[in-house]
Amino acid sequence: MINLTAVYVLWLRETKRFLRSKSRVVGSLAMPLMFLLFLGLGFRGMAVPGVSGGTGYLDFLLPGILGMSVIFTSMIAGISVLWDREFGFLKEIMVAPVDRTSIILGRIAGGCTTAIIQAASIMVIAAFTGFHLGGVLSIIYESAFIIAIAVAFIGLGLIFASQMSDIQGFNLIINLVIFPLFFLSGALFPISNLPGWLRVFSYLDPLTYGIDGLRGVMTNSSMMAAGADMLVLIAFAAVIVVTGAYLFEKSNVV
Amino acid sequence: MRAINVSGLTKRFGRVTAVNRISFYVEEGEVFGLLGPNGAGKTTTINMLATLINPTSGHAEVAGAVIGRDNYKVRKRIGIVFQDPTLDNKLTGRENLHLHAMLYGLKRGIIKERIRKVLKLIELEGKADMLVGNYSGGMKRRLEIARGLMHKPRVLFLDEPTLGLDAQTRRRIWEYIKSLKQEGMLSVILTTHYMEEADYLADRVAIIDNGKIVAIDTPANLKKSLGGDIIQLYIRGSEKSYRGLIHKINDRIKVKKTDLRLARTQTGEDELLITVEGGNDKVPLIISMAEREGVRVVSLDIHTPSLEDVFLHFTGRNIREDGADGYERNREFIKRMRR
(Lines give C-alpha, C1' and ligand atoms only; values in the text may rest on other atoms or scores of the structure.)
Protein backbone atom coordinates (compact mmCIF):
# COMPACT_ATOMS: atom_id res chain seq x y z
CA MET A 1 0.00 0.00 0.00
CA ILE A 2 1.35 3.41 -0.92
CA ASN A 3 1.84 5.85 1.91
CA LEU A 4 1.01 9.22 0.37
CA THR A 5 2.15 11.23 3.38
CA ALA A 6 5.58 9.64 3.11
CA VAL A 7 5.74 10.29 -0.63
CA TYR A 8 4.80 13.90 -0.01
CA VAL A 9 7.31 14.50 2.77
CA LEU A 10 10.15 12.86 0.84
CA TRP A 11 9.24 14.95 -2.19
CA LEU A 12 9.27 18.03 0.02
CA ARG A 13 12.71 17.15 1.30
CA GLU A 14 14.18 16.71 -2.20
CA THR A 15 12.67 19.95 -3.40
CA LYS A 16 13.88 21.91 -0.38
CA ARG A 17 17.35 20.48 -0.72
CA PHE A 18 17.45 21.40 -4.39
CA LEU A 19 16.25 24.94 -3.91
CA ARG A 20 18.63 25.50 -0.99
CA SER A 21 21.64 24.45 -2.93
CA LYS A 22 22.32 27.51 -5.05
CA SER A 23 25.28 25.89 -6.75
CA ARG A 24 23.09 23.00 -7.87
CA VAL A 25 20.47 25.33 -9.27
CA VAL A 26 23.02 27.41 -11.16
CA GLY A 27 25.23 24.49 -12.12
CA SER A 28 22.39 22.46 -13.52
CA LEU A 29 21.40 25.32 -15.80
CA ALA A 30 24.81 26.49 -16.85
CA MET A 31 25.83 23.51 -18.96
CA PRO A 32 22.60 23.09 -20.97
CA LEU A 33 22.53 26.82 -21.63
CA MET A 34 26.12 26.84 -22.84
CA PHE A 35 25.39 23.96 -25.19
CA LEU A 36 22.32 25.77 -26.43
CA LEU A 37 24.14 29.05 -26.87
CA PHE A 38 27.37 27.91 -28.47
CA LEU A 39 26.06 25.07 -30.59
CA GLY A 40 22.92 26.96 -31.49
CA LEU A 41 24.76 30.07 -32.58
CA GLY A 42 27.76 28.26 -34.00
CA PHE A 43 25.76 26.06 -36.34
CA ARG A 44 23.06 28.63 -36.96
CA GLY A 45 23.60 29.25 -40.64
CA MET A 46 24.63 25.73 -41.52
CA ALA A 47 22.37 23.21 -43.08
CA VAL A 48 22.55 20.10 -40.88
CA PRO A 49 21.72 17.03 -42.95
CA GLY A 50 18.48 15.49 -41.81
CA VAL A 51 17.12 18.67 -40.30
CA SER A 52 14.19 19.59 -42.47
CA GLY A 53 14.29 22.88 -44.27
CA GLY A 54 11.64 24.73 -42.31
CA THR A 55 13.32 24.10 -38.96
CA GLY A 56 16.43 26.06 -38.05
CA TYR A 57 19.16 24.34 -36.08
CA LEU A 58 18.30 26.27 -32.91
CA ASP A 59 14.74 24.97 -33.05
CA PHE A 60 16.10 21.48 -33.67
CA LEU A 61 18.54 21.79 -30.76
CA LEU A 62 16.30 23.11 -28.02
CA PRO A 63 14.35 19.86 -27.41
CA GLY A 64 17.70 18.05 -27.30
CA ILE A 65 19.05 20.43 -24.68
CA LEU A 66 15.90 20.04 -22.60
CA GLY A 67 16.41 16.29 -22.75
CA MET A 68 20.01 16.78 -21.72
CA SER A 69 19.17 18.82 -18.63
CA VAL A 70 16.55 16.25 -17.63
CA ILE A 71 18.81 13.22 -18.03
CA PHE A 72 21.56 14.80 -15.92
CA THR A 73 19.27 15.95 -13.13
CA SER A 74 17.27 12.77 -12.93
CA MET A 75 20.21 10.38 -13.04
CA ILE A 76 21.77 12.36 -10.21
CA ALA A 77 18.48 12.32 -8.29
CA GLY A 78 18.49 8.52 -8.53
CA ILE A 79 22.15 8.14 -7.62
CA SER A 80 21.77 10.55 -4.69
CA VAL A 81 20.62 7.53 -2.68
CA LEU A 82 24.36 6.95 -2.40
CA TRP A 83 24.83 10.28 -0.66
CA ASP A 84 22.04 9.47 1.74
CA ARG A 85 23.79 6.24 2.51
CA GLU A 86 27.14 7.98 2.92
CA PHE A 87 25.70 10.60 5.29
CA GLY A 88 23.57 8.10 7.18
CA PHE A 89 20.19 9.59 6.34
CA LEU A 90 19.16 6.49 4.42
CA LYS A 91 18.97 4.58 7.71
CA GLU A 92 16.47 7.05 9.09
CA ILE A 93 14.22 6.38 6.10
CA MET A 94 14.76 2.64 6.10
CA VAL A 95 13.81 2.10 9.76
CA ALA A 96 10.67 4.19 9.35
CA PRO A 97 7.40 2.29 9.00
CA VAL A 98 7.16 3.16 5.32
CA ASP A 99 7.11 0.67 2.47
CA ARG A 100 9.96 0.83 -0.04
CA THR A 101 7.65 1.68 -2.93
CA SER A 102 6.62 4.92 -1.24
CA ILE A 103 10.24 5.80 -0.60
CA ILE A 104 11.03 5.35 -4.27
CA LEU A 105 7.93 7.26 -5.37
CA GLY A 106 8.97 10.14 -3.12
CA ARG A 107 12.36 10.24 -4.74
CA ILE A 108 10.88 10.06 -8.22
CA ALA A 109 8.45 12.85 -7.41
CA GLY A 110 11.30 14.98 -6.09
CA GLY A 111 13.49 14.29 -9.12
CA CYS A 112 10.64 15.07 -11.54
CA THR A 113 10.04 18.37 -9.80
CA THR A 114 13.62 19.49 -10.13
CA ALA A 115 13.63 18.36 -13.76
CA ILE A 116 10.50 20.40 -14.49
CA ILE A 117 11.91 23.47 -12.73
CA GLN A 118 15.06 23.25 -14.83
CA ALA A 119 13.31 22.61 -18.10
CA ALA A 120 10.99 25.54 -17.44
CA SER A 121 13.95 27.81 -16.72
CA ILE A 122 15.62 26.78 -19.97
CA MET A 123 12.41 27.36 -21.91
CA VAL A 124 11.98 30.82 -20.46
CA ILE A 125 15.55 31.74 -21.34
CA ALA A 126 15.07 30.26 -24.82
CA ALA A 127 11.95 32.35 -25.26
CA PHE A 128 14.08 35.46 -24.79
CA THR A 129 16.34 34.36 -27.61
CA GLY A 130 13.36 34.20 -29.89
CA PHE A 131 12.07 30.67 -29.50
CA HIS A 132 8.35 30.34 -29.89
CA LEU A 133 6.93 28.71 -26.75
CA GLY A 134 3.62 27.54 -28.14
CA GLY A 135 0.25 27.24 -26.45
CA VAL A 136 -0.87 25.74 -23.15
CA LEU A 137 -1.52 22.38 -24.78
CA SER A 138 1.99 22.04 -26.15
CA ILE A 139 3.41 22.99 -22.73
CA ILE A 140 1.36 20.19 -21.17
CA TYR A 141 2.65 17.71 -23.77
CA GLU A 142 6.21 18.90 -23.22
CA SER A 143 5.85 18.48 -19.45
CA ALA A 144 4.55 14.97 -19.96
CA PHE A 145 7.64 14.05 -21.97
CA ILE A 146 9.96 15.68 -19.47
CA ILE A 147 8.36 13.74 -16.63
CA ALA A 148 8.52 10.47 -18.54
CA ILE A 149 12.23 10.99 -19.32
CA ALA A 150 12.88 11.94 -15.68
CA VAL A 151 11.14 8.83 -14.34
CA ALA A 152 13.14 6.55 -16.62
CA PHE A 153 16.48 8.04 -15.66
CA ILE A 154 15.78 8.34 -11.95
CA GLY A 155 15.15 4.61 -12.16
CA LEU A 156 18.43 4.12 -13.98
CA GLY A 157 20.17 6.18 -11.29
CA LEU A 158 18.65 3.92 -8.64
CA ILE A 159 19.96 0.86 -10.45
CA PHE A 160 23.48 2.26 -10.40
CA ALA A 161 23.16 3.47 -6.81
CA SER A 162 22.15 0.04 -5.59
CA GLN A 163 25.14 -1.56 -7.35
CA MET A 164 27.73 0.89 -6.07
CA SER A 165 29.10 0.74 -2.55
CA ASP A 166 30.36 4.32 -2.35
CA ILE A 167 30.34 7.60 -4.24
CA GLN A 168 33.77 7.08 -5.81
CA GLY A 169 32.37 5.73 -9.05
CA PHE A 170 30.09 8.68 -9.56
CA ASN A 171 32.22 10.54 -12.13
CA LEU A 172 32.67 7.33 -14.02
CA ILE A 173 28.91 7.00 -14.36
CA ILE A 174 28.63 10.56 -15.64
CA ASN A 175 31.33 10.04 -18.26
CA LEU A 176 30.62 6.48 -19.31
CA VAL A 177 26.84 6.35 -19.01
CA ILE A 178 25.21 9.76 -19.15
CA PHE A 179 27.31 11.27 -21.94
CA PRO A 180 26.99 8.30 -24.31
CA LEU A 181 23.23 8.15 -23.70
CA PHE A 182 23.05 11.86 -24.40
CA PHE A 183 25.07 11.69 -27.65
CA LEU A 184 23.23 8.61 -28.88
CA SER A 185 19.83 10.18 -28.32
CA GLY A 186 19.97 12.50 -31.28
CA ALA A 187 19.90 15.57 -29.06
CA LEU A 188 22.53 17.36 -31.14
CA PHE A 189 22.04 15.86 -34.62
CA PRO A 190 19.56 13.58 -36.34
CA ILE A 191 20.41 9.97 -35.59
CA SER A 192 19.81 9.16 -39.26
CA ASN A 193 23.33 10.57 -39.76
CA LEU A 194 24.82 7.83 -37.58
CA PRO A 195 26.13 4.62 -39.19
CA GLY A 196 23.70 1.75 -38.92
CA TRP A 197 25.53 -0.25 -36.24
CA LEU A 198 25.67 2.80 -33.98
CA ARG A 199 22.07 3.66 -34.65
CA VAL A 200 21.07 0.36 -33.08
CA PHE A 201 22.26 1.74 -29.76
CA SER A 202 20.29 4.90 -30.34
CA TYR A 203 17.15 2.84 -30.61
CA LEU A 204 17.97 1.18 -27.28
CA ASP A 205 18.36 4.56 -25.59
CA PRO A 206 15.13 5.74 -23.93
CA LEU A 207 16.26 9.34 -24.30
CA THR A 208 16.02 8.99 -28.10
CA TYR A 209 12.24 8.66 -27.84
CA GLY A 210 12.01 11.40 -25.24
CA ILE A 211 13.82 13.89 -27.41
CA ASP A 212 12.06 12.81 -30.60
CA GLY A 213 8.75 13.23 -28.82
CA LEU A 214 9.69 16.67 -27.51
CA ARG A 215 10.74 17.63 -31.02
CA GLY A 216 7.46 16.43 -32.41
CA VAL A 217 5.52 18.51 -29.91
CA MET A 218 7.71 21.60 -30.12
CA THR A 219 8.64 21.81 -33.78
CA ASN A 220 6.43 19.33 -35.56
CA SER A 221 9.42 17.61 -37.08
CA SER A 222 10.11 14.20 -35.65
CA MET A 223 10.91 10.67 -36.78
CA MET A 224 7.95 9.06 -35.07
CA ALA A 225 4.57 10.32 -34.02
CA ALA A 226 4.75 11.87 -30.56
CA GLY A 227 2.19 9.38 -29.24
CA ALA A 228 4.32 6.43 -30.36
CA ASP A 229 7.39 8.02 -28.77
CA MET A 230 5.46 8.37 -25.53
CA LEU A 231 4.40 4.73 -25.53
CA VAL A 232 7.94 3.46 -26.07
CA LEU A 233 9.26 5.83 -23.42
CA ILE A 234 6.67 4.71 -20.87
CA ALA A 235 7.50 1.07 -21.56
CA PHE A 236 11.20 1.76 -21.00
CA ALA A 237 10.48 3.77 -17.85
CA ALA A 238 8.28 1.05 -16.39
CA VAL A 239 10.89 -1.67 -16.86
CA ILE A 240 13.71 0.50 -15.53
CA VAL A 241 11.85 1.74 -12.47
CA VAL A 242 10.67 -1.71 -11.47
CA THR A 243 14.22 -3.04 -11.83
CA GLY A 244 15.61 -0.08 -9.88
CA ALA A 245 13.06 -0.52 -7.11
CA TYR A 246 13.81 -4.21 -6.89
CA LEU A 247 17.57 -3.67 -6.65
CA PHE A 248 17.13 -0.82 -4.18
CA GLU A 249 15.08 -3.09 -1.96
CA LYS A 250 17.81 -5.72 -2.10
CA SER A 251 20.74 -3.39 -1.47
CA ASN A 252 22.45 -3.01 1.89
CA VAL A 253 21.47 -0.15 4.12
CA VAL A 254 24.24 -0.47 6.64
CA MET B 1 4.94 -8.65 28.58
CA ARG B 2 8.61 -8.18 27.79
CA ALA B 3 9.80 -5.36 25.57
CA ILE B 4 12.42 -7.50 23.87
CA ASN B 5 12.89 -11.23 23.78
CA VAL B 6 15.87 -12.65 21.94
CA SER B 7 16.81 -16.28 21.61
CA GLY B 8 19.68 -17.79 19.71
CA LEU B 9 20.16 -14.75 17.50
CA THR B 10 23.06 -15.19 15.08
CA LYS B 11 24.52 -13.11 12.27
CA ARG B 12 27.28 -14.26 9.98
CA PHE B 13 28.99 -12.13 7.34
CA GLY B 14 30.61 -14.66 5.08
CA ARG B 15 32.85 -16.66 7.37
CA VAL B 16 32.84 -14.14 10.19
CA THR B 17 30.31 -14.72 12.93
CA ALA B 18 29.55 -11.23 14.20
CA VAL B 19 26.83 -12.30 16.61
CA ASN B 20 26.86 -15.82 17.92
CA ARG B 21 23.64 -17.30 19.33
CA ILE B 22 22.84 -14.64 21.85
CA SER B 23 19.78 -14.73 24.08
CA PHE B 24 18.44 -12.10 26.42
CA TYR B 25 15.32 -10.18 27.30
CA VAL B 26 14.48 -6.62 28.24
CA GLU B 27 11.65 -5.89 30.64
CA GLU B 28 9.16 -3.16 30.01
CA GLY B 29 10.39 0.13 31.45
CA GLU B 30 13.90 -1.19 31.85
CA VAL B 31 17.18 0.33 30.71
CA PHE B 32 19.25 -2.51 29.37
CA GLY B 33 22.92 -2.11 28.55
CA LEU B 34 24.92 -4.06 25.97
CA LEU B 35 28.48 -3.60 27.12
CA GLY B 36 31.45 -4.71 25.12
CA PRO B 37 34.55 -3.58 23.28
CA ASN B 38 34.35 -2.18 19.77
CA GLY B 39 33.66 -4.91 17.26
CA ALA B 40 32.01 -7.20 19.83
CA GLY B 41 28.77 -7.37 17.86
CA LYS B 42 26.71 -4.71 19.65
CA THR B 43 25.80 -2.68 16.58
CA THR B 44 25.07 -5.78 14.51
CA THR B 45 22.67 -6.89 17.27
CA ILE B 46 20.95 -3.50 17.24
CA ASN B 47 20.71 -3.51 13.44
CA MET B 48 19.01 -6.89 13.53
CA LEU B 49 16.56 -5.87 16.25
CA ALA B 50 15.78 -2.66 14.35
CA THR B 51 15.01 -4.69 11.17
CA LEU B 52 17.85 -3.15 9.15
CA ILE B 53 19.57 -6.47 8.56
CA ASN B 54 18.17 -9.98 8.66
CA PRO B 55 19.56 -12.43 11.17
CA THR B 56 21.22 -15.57 9.85
CA SER B 57 19.29 -17.58 12.40
CA GLY B 58 17.51 -17.22 15.71
CA HIS B 59 14.38 -15.52 16.89
CA ALA B 60 13.65 -12.10 18.30
CA GLU B 61 10.54 -10.29 19.35
CA VAL B 62 10.60 -6.52 19.73
CA ALA B 63 7.68 -4.62 21.24
CA GLY B 64 5.42 -7.58 20.65
CA ALA B 65 6.29 -8.14 16.99
CA VAL B 66 8.61 -10.72 15.47
CA ILE B 67 11.54 -9.36 13.49
CA GLY B 68 11.71 -10.61 9.93
CA ARG B 69 8.00 -11.38 9.94
CA ASP B 70 6.36 -8.20 11.25
CA ASN B 71 9.03 -5.65 10.39
CA TYR B 72 6.45 -2.96 9.76
CA LYS B 73 5.05 -3.31 13.27
CA VAL B 74 8.51 -3.40 14.80
CA ARG B 75 9.48 -0.20 12.97
CA LYS B 76 6.36 1.57 14.09
CA ARG B 77 7.00 0.76 17.73
CA ILE B 78 10.70 1.49 18.08
CA GLY B 79 12.84 4.60 18.12
CA ILE B 80 16.50 4.45 17.30
CA VAL B 81 19.58 6.59 17.60
CA PHE B 82 22.38 5.19 15.50
CA GLN B 83 26.06 5.43 16.25
CA ASP B 84 26.72 7.74 13.30
CA PRO B 85 24.44 10.70 12.61
CA THR B 86 21.46 10.03 10.36
CA LEU B 87 20.16 13.57 10.06
CA ASP B 88 19.68 15.56 6.87
CA ASN B 89 22.27 18.34 7.13
CA LYS B 90 20.55 20.49 4.54
CA LEU B 91 17.38 20.70 6.63
CA THR B 92 16.90 22.56 9.90
CA GLY B 93 16.48 20.74 13.20
CA ARG B 94 12.77 21.42 13.15
CA GLU B 95 12.43 20.18 9.58
CA ASN B 96 14.22 16.97 10.46
CA LEU B 97 11.77 16.41 13.30
CA HIS B 98 8.83 17.28 11.08
CA LEU B 99 9.94 14.87 8.37
CA HIS B 100 10.28 12.14 10.97
CA ALA B 101 6.83 12.81 12.40
CA MET B 102 5.28 12.60 8.93
CA LEU B 103 7.12 9.37 8.11
CA TYR B 104 5.74 7.86 11.30
CA GLY B 105 2.23 8.97 10.42
CA LEU B 106 1.64 11.41 13.28
CA LYS B 107 -1.49 13.50 12.90
CA ARG B 108 -0.89 17.02 11.63
CA GLY B 109 -2.63 18.48 14.66
CA ILE B 110 -0.22 17.02 17.18
CA ILE B 111 3.07 17.32 15.28
CA LYS B 112 3.72 20.95 16.25
CA GLU B 113 3.03 20.28 19.89
CA ARG B 114 5.17 17.14 19.91
CA ILE B 115 8.08 18.98 18.26
CA ARG B 116 7.86 21.73 20.86
CA LYS B 117 7.89 19.17 23.63
CA VAL B 118 10.91 17.19 22.49
CA LEU B 119 12.85 20.34 21.66
CA LYS B 120 12.26 21.48 25.19
CA LEU B 121 13.45 18.18 26.62
CA ILE B 122 16.78 18.44 24.82
CA GLU B 123 17.03 22.23 25.26
CA LEU B 124 17.39 23.02 21.58
CA GLU B 125 14.44 25.39 21.20
CA GLY B 126 16.74 28.27 20.31
CA LYS B 127 18.60 26.38 17.57
CA ALA B 128 15.65 24.57 16.01
CA ASP B 129 15.62 26.69 12.86
CA MET B 130 19.31 26.40 12.14
CA LEU B 131 20.52 24.02 9.44
CA VAL B 132 21.66 20.78 11.06
CA GLY B 133 24.91 21.03 9.10
CA ASN B 134 25.87 23.85 11.47
CA TYR B 135 25.15 21.86 14.63
CA SER B 136 27.89 20.55 16.91
CA GLY B 137 28.27 16.82 17.48
CA GLY B 138 26.52 17.05 20.83
CA MET B 139 23.60 19.01 19.41
CA LYS B 140 23.16 16.48 16.62
CA ARG B 141 23.08 13.63 19.11
CA ARG B 142 20.53 15.43 21.25
CA LEU B 143 18.37 16.15 18.21
CA GLU B 144 18.52 12.49 17.24
CA ILE B 145 17.42 11.42 20.70
CA ALA B 146 14.53 13.87 20.45
CA ARG B 147 13.64 12.53 17.03
CA GLY B 148 13.73 8.95 18.28
CA LEU B 149 11.18 9.86 20.93
CA MET B 150 8.77 11.85 18.77
CA HIS B 151 6.48 9.00 17.84
CA LYS B 152 6.35 7.67 21.42
CA PRO B 153 8.09 4.37 20.77
CA ARG B 154 7.81 1.47 23.19
CA VAL B 155 11.48 0.61 22.82
CA LEU B 156 14.27 3.11 22.29
CA PHE B 157 17.58 1.90 20.87
CA LEU B 158 20.64 3.97 21.63
CA ASP B 159 23.79 2.79 19.88
CA GLU B 160 26.79 4.33 21.65
CA PRO B 161 24.82 7.47 22.52
CA THR B 162 27.82 9.40 23.85
CA LEU B 163 30.59 8.17 21.57
CA GLY B 164 32.94 10.99 20.65
CA LEU B 165 31.29 13.58 22.89
CA ASP B 166 33.08 15.64 25.53
CA ALA B 167 32.59 14.86 29.21
CA GLN B 168 30.15 17.67 29.83
CA THR B 169 27.89 16.80 26.90
CA ARG B 170 28.05 13.16 27.88
CA ARG B 171 26.75 14.05 31.36
CA ARG B 172 23.87 15.95 29.85
CA ILE B 173 22.92 13.11 27.58
CA TRP B 174 23.01 10.76 30.54
CA GLU B 175 20.58 13.02 32.34
CA TYR B 176 18.19 12.98 29.36
CA ILE B 177 18.30 9.21 29.29
CA LYS B 178 17.72 9.04 33.05
CA SER B 179 14.77 11.38 32.75
CA LEU B 180 13.22 9.13 30.09
CA LYS B 181 13.00 6.38 32.64
CA GLN B 182 10.69 8.42 34.77
CA GLU B 183 8.39 8.86 31.77
CA GLY B 184 6.86 5.44 32.22
CA MET B 185 6.83 2.28 30.17
CA LEU B 186 9.54 3.15 27.67
CA SER B 187 12.24 0.48 27.51
CA VAL B 188 15.72 1.52 26.51
CA ILE B 189 18.42 -0.70 25.11
CA LEU B 190 21.77 1.00 24.88
CA THR B 191 25.13 -0.18 23.68
CA THR B 192 28.31 1.26 25.04
CA HIS B 193 31.92 0.50 25.64
CA TYR B 194 32.07 3.01 28.48
CA MET B 195 31.86 1.17 31.78
CA GLU B 196 30.69 4.20 33.72
CA GLU B 197 27.88 4.71 31.25
CA ALA B 198 26.51 1.21 31.63
CA ASP B 199 26.96 1.38 35.39
CA TYR B 200 25.21 4.71 35.72
CA LEU B 201 22.32 4.16 33.31
CA ALA B 202 21.51 0.49 32.99
CA ASP B 203 19.24 -1.54 35.23
CA ARG B 204 20.78 -4.67 33.80
CA VAL B 205 23.86 -5.20 31.72
CA ALA B 206 24.87 -7.89 29.26
CA ILE B 207 28.59 -8.19 28.68
CA ILE B 208 29.22 -9.10 25.08
CA ASP B 209 32.55 -10.17 23.69
CA ASN B 210 33.37 -11.71 20.31
CA GLY B 211 29.69 -11.94 19.45
CA LYS B 212 28.78 -13.84 22.60
CA ILE B 213 27.10 -12.78 25.79
CA VAL B 214 29.36 -13.81 28.65
CA ALA B 215 27.34 -12.45 31.58
CA ILE B 216 24.00 -10.77 32.25
CA ASP B 217 22.90 -9.19 35.50
CA THR B 218 22.43 -5.91 37.31
CA PRO B 219 25.66 -3.92 37.56
CA ALA B 220 25.56 -4.37 41.35
CA ASN B 221 25.21 -8.14 41.10
CA LEU B 222 27.90 -8.42 38.48
CA LYS B 223 30.27 -6.54 40.71
CA LYS B 224 29.24 -8.55 43.73
CA SER B 225 29.77 -11.77 41.80
CA LEU B 226 33.50 -11.10 41.83
CA GLY B 227 33.36 -11.38 45.61
CA GLY B 228 34.56 -8.66 47.92
CA ASP B 229 37.27 -6.19 47.12
CA ILE B 230 40.04 -5.84 44.63
CA ILE B 231 43.50 -5.31 46.00
CA GLN B 232 45.82 -3.86 43.43
CA LEU B 233 49.52 -4.04 44.26
CA TYR B 234 52.34 -2.46 42.30
CA ILE B 235 55.36 -4.59 43.02
CA ARG B 236 59.02 -5.08 42.15
CA GLY B 237 60.93 -8.29 42.56
CA SER B 238 62.39 -11.35 40.93
CA GLU B 239 60.46 -14.05 39.13
CA LYS B 240 61.16 -16.41 41.99
CA SER B 241 59.95 -14.00 44.64
CA TYR B 242 56.71 -13.46 42.71
CA ARG B 243 56.13 -17.17 42.53
CA GLY B 244 56.75 -17.50 46.21
CA LEU B 245 54.34 -14.73 47.04
CA ILE B 246 51.58 -16.10 44.85
CA HIS B 247 52.04 -19.50 46.40
CA LYS B 248 51.79 -17.99 49.88
CA ILE B 249 48.67 -16.01 49.04
CA ASN B 250 47.01 -19.11 47.62
CA ASP B 251 47.93 -20.97 50.72
CA ARG B 252 46.93 -18.48 53.39
CA ILE B 253 44.04 -16.55 51.88
CA LYS B 254 42.49 -19.22 49.66
CA VAL B 255 41.73 -17.29 46.49
CA LYS B 256 40.61 -18.89 43.28
CA LYS B 257 43.01 -18.96 40.36
CA THR B 258 40.92 -16.51 38.35
CA ASP B 259 40.91 -14.12 41.28
CA LEU B 260 44.64 -13.73 41.29
CA ARG B 261 46.18 -12.02 38.31
CA LEU B 262 49.73 -10.88 37.69
CA ALA B 263 50.31 -8.36 34.92
CA ARG B 264 53.79 -7.45 33.71
CA THR B 265 54.52 -3.92 32.70
CA GLN B 266 57.41 -2.38 30.84
CA THR B 267 58.32 -0.03 33.67
CA GLY B 268 59.53 -2.86 35.87
CA GLU B 269 56.71 -2.25 38.28
CA ASP B 270 54.39 -5.20 37.93
CA GLU B 271 50.76 -5.31 38.87
CA LEU B 272 49.17 -7.95 41.08
CA LEU B 273 45.38 -8.02 41.27
CA ILE B 274 43.74 -9.99 44.06
CA THR B 275 39.97 -10.30 44.34
CA VAL B 276 39.13 -11.17 47.91
CA GLU B 277 36.40 -10.90 50.53
CA GLY B 278 37.16 -8.26 53.22
CA GLY B 279 40.14 -6.77 51.43
CA ASN B 280 40.94 -4.21 54.12
CA ASP B 281 41.75 -6.90 56.68
CA LYS B 282 43.91 -8.91 54.30
CA VAL B 283 46.25 -6.09 53.29
CA PRO B 284 48.62 -6.23 56.31
CA LEU B 285 48.99 -9.96 55.89
CA ILE B 286 49.73 -9.69 52.19
CA ILE B 287 52.31 -6.97 52.76
CA SER B 288 54.13 -8.92 55.41
CA MET B 289 54.13 -11.98 53.18
CA ALA B 290 55.53 -9.91 50.34
CA GLU B 291 58.34 -8.64 52.58
CA ARG B 292 59.22 -12.13 53.64
CA GLU B 293 59.39 -13.33 50.02
CA GLY B 294 61.55 -10.39 48.99
CA VAL B 295 58.90 -8.57 46.93
CA ARG B 296 58.91 -4.81 47.29
CA VAL B 297 55.43 -3.24 47.37
CA VAL B 298 55.72 0.16 45.68
CA SER B 299 52.10 1.22 46.10
CA LEU B 300 48.70 -0.28 46.57
CA ASP B 301 45.07 0.43 46.02
CA ILE B 302 41.92 -1.21 47.34
CA HIS B 303 38.60 -0.76 45.63
CA THR B 304 35.31 -2.52 45.36
CA PRO B 305 34.99 -4.10 41.90
CA SER B 306 33.95 -1.83 39.08
CA LEU B 307 32.36 -3.02 35.86
CA GLU B 308 35.84 -2.68 34.41
CA ASP B 309 36.97 -5.44 36.78
CA VAL B 310 33.91 -7.48 35.91
CA PHE B 311 34.72 -7.21 32.23
CA LEU B 312 38.30 -8.23 32.87
CA HIS B 313 37.10 -11.15 34.91
CA PHE B 314 34.74 -12.51 32.25
CA THR B 315 36.76 -11.87 29.14
CA GLY B 316 40.30 -12.09 30.44
CA ARG B 317 41.23 -8.75 29.00
CA ASN B 318 40.84 -5.08 29.47
CA ILE B 319 38.06 -3.40 27.49
CA ARG B 320 40.38 -0.62 26.38
CA GLU B 321 42.95 -2.95 24.87
CA ASP B 322 41.02 -3.18 21.62
CA GLY B 323 41.24 0.43 20.65
CA ALA B 324 39.85 2.14 17.61
CA ASP B 325 42.25 0.02 15.61
CA GLY B 326 40.48 -3.24 16.18
CA TYR B 327 37.17 -1.58 15.64
CA GLU B 328 38.13 0.00 12.34
CA ARG B 329 39.65 -3.24 11.15
CA ASN B 330 36.49 -5.07 11.97
CA ARG B 331 34.25 -2.56 10.26
CA GLU B 332 36.42 -2.44 7.19
CA PHE B 333 36.40 -6.19 7.06
CA ILE B 334 32.65 -6.45 7.35
CA LYS B 335 32.24 -3.79 4.67
CA ARG B 336 34.49 -5.70 2.35
CA MET B 337 32.66 -8.93 2.98
CA ARG B 338 29.44 -7.44 1.72
CA ARG B 339 30.70 -6.28 -1.62
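Order of the sequence lines fixes the chain letters, A, B, ..., with proteins taken first and strands second; residue numbering starts at 1 for each chain.
- In this structure, chain A has a heavy atom under 4.5 Å from the side chain of B/E95, while its backbone stays farther away.
- At distances below 3.5 Å, not a single donor-acceptor pair connects side-chain atoms of A/R13 with backbone N or O atoms of B/L99.
- Around the CZ atom of A/F182, the shell of radius 6.0 Å holds more than 12 heavy atoms that belong to other residues, nucleotides or ligands.
- The side chain to side chain contact (heavy atoms under 4.5 Å, CB included) test with A/V95 is passed by exactly one of B/I80, B/N71, B/N47, B/I78: B/I80.
- Within a 6.0 Å sphere centred on NZ of B/K73, heavy atoms belonging to other residues, nucleotides or ligands number 12 at most.
- Highest contact tally toward chain A, considering only B/L131, B/L87, B/T51, is held by B/L87 [criterion: heavy-atom pairs under 4.5 Å].
- Under the side chain to side chain contact (heavy atoms under 4.5 Å, CB included) rule, B/L103 has a single partner from A/V9, A/T5, A/I103, which is A/V9.
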Worked check of side chain to side chain contact (heavy atoms under 4.5 Å, CB included) between A/V98 and B/R75: CA-CA 9 Å; A/V98 173; B/R75 287 174 188 153; over 6 Å; no

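- Between chain A and the residues B/M102, B/H151, B/E144, the largest count of heavy-atom pairs under 4.5 Å involves B/M102.
- When heavy atoms are compared at a cutoff of 4.5 Å, B/R77 does not approach chain A at all.
- The NZ atom of B/K90 lies 8.0 Å from the CZ atom of A/F87; values are rounded to the nearest 0.5 Å.
- Nearest heavy-atom pair, B/N96 versus A/F89, reported as atom, atom and distance to 0.1 Å: OD1-CE1, 4.2 Å.
- Looking at B/H100, the atoms closer than 4.5 Å to chain A (heavy atoms on both sides) sit in the backbone and in the side chain alike.
- Counting heavy atoms of neighbouring residues, nucleotides and ligands inside a 6.0 Å radius, atom OH of B/Y176 exceeds 12 of them.
- No more than 12 heavy-atom neighbours from other residues, nucleotides or ligands sit within 6.0 angstrom of CZ on B/R69.
- A pairwise comparison of heavy atoms in B/L91 and A/R20 identifies CA-NH1, 3.6 Å as the closest pair.
- For the pair A/R17 and B/D88, the tightest heavy-atom approach, listed with the atom from each and the gap, is NH1-OD1, 2.6 Å.
- Surrounding CZ of B/R12 are at most 12 heavy atoms belonging to other residues, nucleotides or ligands under 6.0 Å away.
- Put simply, CD1 on B/I53 and CE on A/M94 are 13.0 Å apart, with the number rounded to the nearest 0.5 Å.
- For the pair B/Y104 and A/A96, the tightest heavy-atom approach, listed with the atom from each and the gap, is OH-CA, 3.5 Å.
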